[in-house]
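Atom set for the values below is all heavy atoms of this structure, side chains included, hydrogens, waters and symmetry mates excluded.
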Amino acid sequence: MERTLQLLQENARLSNEQIAVMLGKTTEEVAATLDAYEKAGVICGYKPLINYEKAQVARASALIELRVTPRKDTGFDAIAEHIMAFDEVESLYLMSGSYDLAVTVNAKTMQDIAVFVARRLAPIDGVLSTATHFILHRYKEAGVSLQGEEVDEREGQ
């Protein structure tokens with residue numbers, strides 16, 4: 001992966017100045033690179049990774065697997081676009097295996113997710129079946145442990 005992208009993926013809060021120092025480039029070069037990535041859709045957003053359990057925020061999450069019948073002219077894309085429009089949907093993936101689509105959803109309660117599946121996902125034309133897996137505890141997300149303080153390996157050297 002290109003080093004600028006790798007640095008941002010590890011810490012999206014890095015300033016252009018910090019990235020420039022790390023890469024041996026000018027701030028202007030970094031700004032131009034990031035601008036080009038954003039315009040090309042390579043960088044789609046900057047988002048914090050939040051441990052909602054520690055924030056004590058009422059939030060339920062689930063991974064929902066969908067078996068669907070692809071549409072004649074658009075395949076899986078039309079169904080995916082329909083599902084992506086729901087506010088509850090955090091992520092959506094086309095998968096290989098027993099199910100076709102994997103959807104990650106968030107809501108206030110597990111009951112809200114159950115209602116979402118029953119009233120909004122399952123009735124979509126082409127959805128054959130669903131399997132809902134509630135996320136009970138997050139240990140690691142986006143490569144980051146949510147278990148507590150990360151130990152700086154540089155300490156004690």
Side-chain angles (χ1 to χ4, degrees), residues 1-55 57-108 112-113 116-117 119-127 130 132-133 135 138-147 149-154:
M1 178 187 312
E2 202 269 323
R3 184 73 175 132
T4 304
L5 296 175
Q6 184 179 7
L7 289 171
L8 281 177
Q9 189 170 11
E10 291 169 5
N11 183 357
R13 293 187 69 190
L14 289 173
S15 68
N16 290 357
E17 292 80 13
Q18 290 170 314
I19 294 170
V21 169
M22 296 167 114
L23 298 177
K25 294 184 176 183
T26 67
T27 302
E28 292 76 18
E29 289 173 313
V30 170
T33 299
L34 295 179
D35 187 52
Y37 280 147
E38 290 168 3
K39 287 179 180 169
V42 173
I43 295 176
C44 300
Y46 300 87
K47 185 176 173 180
L49 180 58
I50 299 169
N51 186 336
Y52 285 97
E53 290 177 21
K54 287 189 177 183
V57 173
R59 180 180 165 114
S61 299
L63 174 67
I64 303 163
E65 298 172 314
L66 299 173
R67 189 172 292 125
V68 301
T69 301
R71 296 190 180 152
K72 184 177 181 178
D73 296 332
T74 59
F76 295 102
D77 294 345
I79 295 171
E81 287 177 20
H82 185 94
I83 293 169
M84 285 188 318
F86 295 126
D87 290 337
E88 295 89 345
V89 174
E90 178 179 293
S91 59
L92 174 62
Y93 306 100
L94 178 63
M95 306 294 291
S96 64
S98 301
Y99 287 87
D100 303 302
L101 298 173
V103 185
T104 305
V105 298
N106 297 304
K108 280 194 170 191
D112 291 338
I113 292 173
F116 172 75
V117 172
R119 293 192 182 157
R120 299 184 83 190
L121 279 184
I124 295 172
D125 187 38
V127 172
T130 67
T132 301
H133 309 278
I135 298 170
R138 295 176 193 267
Y139 292 98
K140 186 175 183 178
E141 189 166 321
V144 177
S145 171
L146 301 178
Q147 292 307 107
E149 294 291 320
E150 286 291 317
V151 177
D152 188 341
E153 295 175 8
R154 297 173 295 182

Which side-chain N or O atoms in residues 61-74 pair as donor and acceptor under 3.5 Å with protein atoms at least two apart or in another chain?
{"residue": "S61", "atom": "OG", "partner": "N106", "partner atom": "OD1", "Å": "2.5"}
{"residue": "S61", "atom": "OG", "partner": "R138", "partner atom": "NH2", "Å": "2.6"}
{"residue": "E65", "atom": "OE1", "partner": "H133", "partner atom": "NE2", "Å": "3.0"}
{"residue": "R67", "atom": "NE", "partner": "S98", "partner atom": "O", "Å": "3.1"}
{"residue": "R67", "atom": "NH1", "partner": "S129", "partner atom": "OG", "Å": "3.2"}
{"residue": "R67", "atom": "NH2", "partner": "S98", "partner atom": "O", "Å": "3.2"}
{"residue": "R71", "atom": "NH2", "partner": "D125", "partner atom": "O", "Å": "3.1"}

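Checked by atom type, the side-chain pair Q147/S145 shows no donor-acceptor distance below 3.5 Å.
You'll find the side chain of Q6 reaches within 4.5 Å of the side chain of R3, heavy atoms only. For the pair L14 and M22, the minimum side-chain heavy-atom distance is below 4.5 Å. Two residues are said to be in side-chain contact when any heavy atoms from C-beta on lie closer than 4.5 Å; V57 and I50 fail this criterion. For the pair V127/L121, no side-chain contact is recorded, criterion being any heavy-atom separation below 4.5 Å from C-beta on.
Atoms OG1 and CD1, on T4 and I19 in that order, are 6.5 Å from each other to the nearest 0.5 Å. Going from atom CD1 of I113 over to atom NZ of K108 covers 13.0 Å, rounded to the nearest 0.5 Å. A distance of 11.5 Å separates CD in Q18 from CG in L23, rounded to the nearest 0.5 Å. Taking CZ from R120 and CD1 from I83, the interatomic distance works out to 11.5 Å, rounded to the nearest 0.5 Å. Between the CG atom of D112 and the CZ atom of R59 there is a distance of 12.5 Å, given to the nearest 0.5 Å. For the atom pair OG1 of T104 and CD of E88, the computed distance is 13.0 Å after rounding to the nearest 0.5 Å.
No more than 12 heavy atoms of other residues, nucleotides or ligands shown are found within 6.0 angstrom of OH on Y93. In the displayed structure, Y46 atom OH is contacted under 6.0 Å by more than 12 heavy atoms of other residues, nucleotides or ligands.
The shortest non-hydrogen separation linking I79 to G126 is CD1-CA, 4.5 Å. For V144 against L49, the heavy-atom pair with the smallest separation is CB-CD2, 3.5 Å. In terms of heavy atoms, G41 sits closest to C44 at O-SG, 3.2 Å. Contact detail for M95 and L101: the closest heavy-atom pair is CG-C, 4.2 Å.
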Problem set entry | Verdict with reasoning, L92 to F86, per side-chain contact (heavy atoms from CB on, under 4.5 Å) | CA-CA 11 Å; L92 174 62; F86 295 126; over 6 Å; no
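A donor-acceptor distance shorter than 3.5 angstrom exists from the side chain of N51 to the backbone of L146, with no hydrogens or angles considered.
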